[in-house]
Amino acid sequence: MRITLITVGKIKEKYFTDAIAEYQKRLSRYCKLEILEVADEKTPDGASAAIEEQIKEKEAERVRKVLKDSAYTIALAIDGKQMTSENFAEKIQGLGIRGESHICFLIGGSLGMSDSLLRQADERISFSKMTFPHQLMRVILLEQIYRGFRIIHHEPYHK
Ligand SMILES: C[S@@+](CC[C@H](N)C(=O)[O-])C[C@H]1O[C@@H](n2cnc3c(N)ncnc32)[C@H](O)[C@@H]1O
């Protein structure tokens, strides 16, 4: 299974970089993981909703440039579908069984993702109704993918 994360914006804090490196190492047993970062746009102070939409669309274009058509695309969105970790593991396993060998997760930047990119994704999943910063979201997603593979392989992992 190949898993790609496409994320808008860089990781700035070392404690996030360390956590990401740890999950990349742990996941190397289970999948071929790649993380592609695209640049975010600076949002001017007091930007209107229309300007913010333009910024999100610009960032979406950068995501599309690296997004492979053949990948099954899952956008992370607050208003997406919520699920348990067991459901998430079943989703990853189910996609593999039906021949989707490449799953691509999208994480938006500080303004979120453009509507057009959200519509383009095969599905949207939510990790709660709360808003997480994109850097932390990357760590949470990697932890849940790792947890998912532990569940799929019936391996113990702290509850
Ligand atoms: C700072 S958030 C963007 C907040 C923006 N106001 C919005 O509504 O999307 C950055 C990115 O993190 C991801 N994200 C943050 N919280 C999330 C959650 N609870 N569930 C799923 N994804 C989330 C989304 O991909 C989002 O585009």
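Heads up: numbering here begins at 1 and tracks the sequence. Start at 1 and go down the list; that is how both ligands and their atoms are numbered.
- A salt bridge does not link Glu143 to Arg26: none of the charged nitrogens lies less than 4.0 Å from a carboxylate oxygen.
- In this model, a donor atom of one side chain and an acceptor atom of the other lie less than 3.5 Å apart for Gln144 and Ser85.
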key: Worked verdict on Arg64 versus Glu61 for salt bridge (charged side-chain N to carboxylate O under 4.0 Å, His left out)   = CA-CA 5 Å; Arg64 288 187 184 101; Glu61 274 312 308; 2.8 Å; yes

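- In this structure, a donor-acceptor pair under 3.5 Å is present between the side chains of Thr4 and Glu34.
- Protein residues with any heavy atom under 4.0 Å from ligand 1: Leu76, Ala77, Ile78, Ile107, Gly108, Gly109, Ser110, Leu111, Gly112, Met113, Ile125, Ser126, Phe127, Ser128, Met130, Thr131, Phe132, His134, Met137.
- Look at Lys25 and Glu22 and you find a salt bridge, because one of the NZ, NE, NH1 or NH2 atoms lies within 4.0 Å of a carboxylate O, short of that distance.
- Side chain of Arg150 to backbone of Pro156: a donor-acceptor contact under 3.5 angstrom is found.
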